[in-house]
Structures are given as C-alpha cells and as structure tokens.
**Student:** 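Dropping the structure in here first, questions after.
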Amino acid sequence: MKLRLIAFFLCTLLSANAVVAQSTLDFGRGEVPVTIPDSYDGSTAMPLIVLLHGYTSSGQGQDSYFQVSPLADDYGFLFVAPDGTRESGGNQNRFWNASTACCNFYGSEVDDSAYIRSIIDQMKERYNVDDNRVYLIGHSNGGFMSFRMAYDHSDTIAAIASLAGANHMEQRDAPANPVHILQIHGTIDETIQFQGGDIQDNRYPGALSSVRRWAAYNGCNQNGVGREIRDLEASLPGHESGVLKFETGCKPGGSAELWTIASGTHVPTISDTFSAQIVEWLLAHPKNN
C-alpha cells in the first residue's frame with residue numbers, strides 16, 4: 001500500500017510538468033517519445049539512452065522529473081522514454097515486469113525485457129547508434145527493470161544507472177558479459193528500502209548488496225573504495241552523497257558503483273546537476289568489445 005500511495009503521488013507530481021518530446025515513434029505498443037539531438041546527421045554513431053519510469057508513471061512523466069532529454073543536444077545522445085503496460089486491475093497503473101518483487105502485482109505475462117530490447121534494436125535500425133554505448137536509466141520499478149536488462153542483455157547494455165531500484169534477489173550465475181552498474185539510493189527511502197526489504201512478501205536486496213553482486217559478476221575486487229562526495233539532493237545541505245566504487249580487478253567493460261544519498265528519500269528533490277552527473281557517468285563507461 002505504501003508503494004502505491006507514494007507512486008501515485010509521484011505520478012501526479014510528474015504529470016504537472018510534462019516534457020514535450022521532439023518526436024514519437026511506435027515500437028509496437030503505441031507512440032513513444034524520442035529525442036534526436038540537433039547535431040545528429042547519421043554520419044557519426046551516437047550513444048543511446050533509454051529512460052525507464054517508476055511504477056504508475058510514464059516515460060514522459062519520468063523525463064519531466066529527471067530532465068534527461070534536454071541534455072541530448074549538449075552531450076550528443078539519442079534518447080527514448082517508453083511506457084510500461086497498464087495493470088489489468090486496480091487503477092490500471094503502468095508498470096514494468098521486472099522482478100518477483102517489483103512490480104507485476106496482477107500476474108501479467110508481459111515480456112518487458114524483450115520489448116525494451118526491441119526498442120534498442122529498432123533504434124539501431126533507424127539511427128546510427130554506437131553499439132558500445134547503449135545505456136539505461138531507471139527510477140524505482142524502472143531501476144529494477146534496468147538491472148534485469150543488464151542481466152538479460154549483457155551483450156548489448158554497456159551500463160545502467162538505477163535510482164531507488166534493486167537487483168534480483170536469487171543467486172544466479174554471472175551474465176555472459178560484464179556491464180557497468182551505478183546504483184543511487186537514499187538512506188531513508190521508505191518505499192524501496194536502502195537495506196533491502198519486501199513487497200507483498202517478495203524480497204529484494206539492499207543497495208549495497210545489489211552493487212556487490214554486480215561487482216562479483218564483473219570480476220571486481222570486493223573491497224570497494226570511497227571516492228568523491230556528490231551533490232545529488234537539492235533540499236539537503238552541501239555535498240550529501242557518498243561514492244563507493246568497485247573498479248579494481250574488473251573484467252574489461254565492467255564495474256560497480258554506489259552513490260548513497262544521506263537522508264535521501266524515494267523521490268529526492270534532485271539537484272540541478274543530478275541528471276548531468278548520471279549522463280556523464282554513463283558516457284564514461286562504454287562497453288568493451
């Protein structure tokens with residue numbers, strides 16, 4: 001219930017300031033906002049960033065909150081913000097079928113992993129996409145979905161950035177290819193708890209556990225190293241977010257990193273540079289083929 005109430009609040013908040021995308025494309029489930037930077041002329045391969053919204057939200061609503069599409073011109077990347085499907089019951093909220101914990105509450109058999117992969121593949125058919133720089137950004141349910149995509153499609157995804165999402169809970173073999181992982185999480189998040197928890201009795205791992213699991217998948221040394229302090233939350237004073245990096249001994253093309261927002265909530269008041277910091281981190285972490 002708490003997840004639904006906060007998600008409903010987030011959806012309402014985001015809808016108030018919807019971003020108008022430059023264009024839309026139909027990837028099989030209806031029109032999806034797509035941003036093409038002014039500098040794109042097809043002669044040079046560009047990175048692709050896919051933004052995955054939280055439970056009850058939408059691609060357009062999530063971009064209104066994160067403000068990623070306005071950065072496409074400055075940083076030179078293609079951008080897509082798709083919508084999840086609607087639930088069969090309740091308020092028919094949009095969701096991603098990401099993990100046992102979040103957020104397939106009505107037993108849908110929808111294959112969102114295949115759908116998002118098809119978006120990536122179709123973008124590559126339409127535009128000159130850099131195969132080594134395909135990235136995902138996800139919030140909450142979208143963060144869970146980003147982790148799933150990294151595991152299911154390690155051949156394609158170079159890096160993900162998850163805010164308040166989590167990895168799968170069960171033990172698995174490492175994926176075939178390394179993927180760079182960034183988890184961002186507030187310590188007082190009451191919806192997706194920093195230390196891990198459960199949704200309808202389905203458990204999910206904590207932020208550090210999620211990052212350590214991917215550090216292991218990527219062959220990294222398990223002794224993370226603290227680095228710079230970042231300003232991610234506008235309502236908290238100073239540079240409130242600690243950085244823990246796992247990048248020693250990793251397989252080429254793999255690393256794991258945790259940005260911890262001290263006293264951060266599930267829907268932080270993001271700083272003016274929040275999204276730019278994420279985009280810069282992603283672009284600095286290409287796939288190594």
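Position 1 is the first residue of the sequence; numbering continues from there.
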**Student:** Under a 3.5 Å cutoff, is there a donor and acceptor pairing between the side chains of Tyr127 and Gln122?
**Tutor:** no
**Student:** Taking the six-membered ring of Phe77 as reference, does the cationic atom of Arg133 (NZ for Lys, CZ for Arg) lie under 6.0 Å from its centre and within 45° of its axis?
**Tutor:**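 Output no; distance or angle outside limits.
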**Student:** Inspect the contact between Asp131 and Lys124 and indicate whether a charged nitrogen and a carboxylate oxygen are less than 4.0 angstrom apart.
**Tutor:** yes
**Student:** Per the side chain to side chain donor-acceptor pair (under 3.5 Å) rule, what does the pair list look like for residues 216-229, sequence neighbours excluded?
**Tutor:**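 Of all non-adjacent pairs touching residues 216-229, those that pass side chain to side chain donor-acceptor pair (under 3.5 Å) are His168-Tyr217, Asn221-Asn223, Glu228-Arg230.
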**Student:** Could you check whether Glu247 and Ser255, counting side-chain N and O atoms only, form a donor-acceptor pair closer than 3.5 Å?
**Tutor:** no
**Student:** Is the shortest side-chain N to carboxylate O distance from Arg117 to Asp155 below 4.0 Å?
**Tutor:**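 Salt bridge between Arg117 and Asp155, a charged N being under 4.0 Å from a carboxylate O: yes.
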**Student:** If only side-chain N and O atoms count, and only distance matters, is there a donor-acceptor pair under 3.5 Å linking Gln183 with Ser162?
**Tutor:** yes
**Student:** For the residue pair Arg86 and Phe95, would you count it as a cation-pi contact if the rule is NZ or CZ under 6.0 angstrom from the ring centre and within 45 degrees of the ring axis?
**Tutor:** no
**Student:** With respect to Met145, which candidate in Leu136, Ile160, Asp112 satisfies the side-chain contact (heavy atoms from CB on, under 4.5 Å) definition?
**Tutor:** Asp112
**Student:** Side chains of Asp41 and Ser43 only: does a donor on one sit below 3.5 Å from an acceptor on the other?
**Tutor:**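 Side-chain D/A pair, Asp41 to Ser43: present.
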**Student:** Consider only side-chain N and O atoms of His239 and Asp231, and report whether a donor and an acceptor are under 3.5 Å apart.
**Tutor:**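 Judged by distance alone, the side chains do not pair up.
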**Student:** Report yes or no: do Ser140 and His266 form a side-chain donor-acceptor pair below 3.5 Å?
**Tutor:**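 Present: a donor and an acceptor within the cut-off.
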**Student:** Answer whether the closest heavy-atom distance between the side chains of Val32 and Asp26 falls below 4.5 Å.
**Tutor:**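 Of all side-chain heavy-atom pairs linking Asp26 with Val32, none is under 4.5 Å.
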